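Please read these numbers as outputs of a predicted model, since none were measured by experiment.
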Amino acid sequence: MKELENILEQLEQDAKEEDLTPKQAQILQAAVEIFAEKGYASSSTSEIAARANVAEGTIFRHYKTKKDLLISIVTPFMTKFTLPFFATHFAKNVFSQLPEEFEELLRTLVRNRFHFAKENSPLLRIVLQEIAFHPELQEQFQEVFTKEVIPRFEEALNELKVKDKVVDFPNASMIRMIMSSIIGFLVTRFIIVPELEWDDEEEIDRTIHFIMHGLSK
């Protein structure tokens with residue numbers, strides 16, 4: 001699976017940057033595979049150890065519990081998924097110069113997140129499966145979103161409002177509507193029914209049209 005191969009390559013790179021031991025990197029890679037295939041609750045540390053080719057006790061020398069292992073995988077992904085949503089990547093590509101048109105903002109956002117979700121769909125599946133059951137993950141997501149995403153998003157929306165390019169709805173409502181549409185598209189495309197014959201360009205255009213105009217003619 002190409003997406004999983006990309007993720008494992010990224011994990012290897014992250015392991016070098018974070019100075020993880022080779023065994024830690026093996027364990028993380030195996031856990032990503034097992035969690036994505038079976039879900040957290042149905043996975044066992046013995047399965048992860050076997051896939052990583054290490055003794056099960058080795059896992060517990062590096063991670064106190066299976067939950068610690070899950071969080072060590074999901075937290076970096078959540079940071080990469082939410083921060084680039086409008087902060088990291090968009091600071092360079094969009095917010096270094098605020099967009100002149102609403103469609104410009106949407107198209108950059110959708111395409112950026114589309115490619116990220118395509119390359120990271122197994123990890124996205126883990127996040128969606130587990131975030132509802134782990135308050136720690138919810139808190140991390142809320143903190144990143146509140147501090148990093150909302151201020152930059154509001155700056156762009158306020159600029160577009162000044163230019164009379166968007167309706168004067170509360171920013172919180174606008175962010176909710178925009179994100180719901182984009183995330184709904186990505187989850188359906190890559191998690192729920194990826195096997196459908198998708199015309200990605202058409203779906204991107206339709207998603208943008210829906211956010212801007214709804215379903216009315």
Give me the atom names and distance for the closest heavy-atom approach of [X] to [Y].
{"X": "A156", "Y": "L105", "result": "CB-CD2, 4.3 Å"}
{"X": "K161", "Y": "V167", "result": "CE-O, 3.8 Å"}
{"X": "A55", "Y": "A49", "result": "C-CB, 4.0 Å"}

Looking at side-chain heavy atoms only, is the closest gap between [X] and [Y] below 4.5 Å?
{"X": "H209", "Y": "E103", "answer": "no"}
{"X": "R107", "Y": "D205", "answer": "yes"}
{"X": "L28", "Y": "Y63", "answer": "yes"}
{"X": "F60", "Y": "T65", "answer": "no"}
{"X": "L215", "Y": "F210", "answer": "yes"}

- prompt: Going through the checks in order, is the side-chain hydrogen bond (donor to acceptor under 3.5 Å, both in side chains) test met by S46 and E56?
  reply: CA-CA 6 Å; S46 61; E56 188 173 7; 4.9 Å; no

Identify all side-chain donor-acceptor contacts of residues 177-191 below 3.5 Å with residues at least two apart in sequence or on another chain.
residue: S180; atom: OG; partner: R176; partner atom: O; Å: 2.7
residue: S181; atom: OG; partner: M177; partner atom: O; Å: 3.2
residue: T188; atom: OG1; partner: G184; partner atom: O; Å: 2.8
residue: R189; atom: NE; partner: D200; partner atom: OD1; Å: 2.7
residue: R189; atom: NH2; partner: D200; partner atom: OD2; Å: 3.4

- prompt: Would E47 and R51 satisfy salt bridge (Lys or Arg N to Asp or Glu O under 4.0 Å), going step by step from the backbone distance to the final call?
  reply: CA-CA 6 Å; E47 291 175 300; R51 182 75 62 92; over 6 Å; no

Lys/Arg N to Asp/Glu carboxylate O, [X] vs [Y], below 4.0 Å:
{"X": "E159", "Y": "K163", "value": "yes"}
{"X": "K38", "Y": "E33", "value": "no"}
{"X": "R152", "Y": "E155", "value": "no"}

message: Looking at N53, I'd like to know if its CG atom is crowded, meaning that more than 12 non-hydrogen atoms belonging to other residues, nucleotides or ligands lie closer than 6.0 Å.
response: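 Incorrect, the count does not exceed 12.
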
message: Looking at E195, I'd like to know if its CD atom is crowded, meaning that more than 12 non-hydrogen atoms belonging to other residues, nucleotides or ligands lie closer than 6.0 Å.
response: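 More than 12 heavy atoms, drawn from other residues, nucleotides or ligands, come within 6.0 Å of this atom.
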
query: How many angstroms lie between CG in L109 and CD1 in I204, if you round to the nearest 0.5 Å?
result: 11.0 Å

- request: Nearest 0.5 Å please: distance from the CE atom of M212 over to the NZ atom of K165.
  value: 10.0 Å

task: Run through Q29, H62, R61 and flag the one making a side-chain contact (heavy atoms from CB on, under 4.5 Å) with Q24.
output: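 One option only clears the test, and that one is H62.
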
field: Single-linkage hydrophobic cluster, 4.5 Å side-chain cutoff, I192 and L196 together
entry: yes

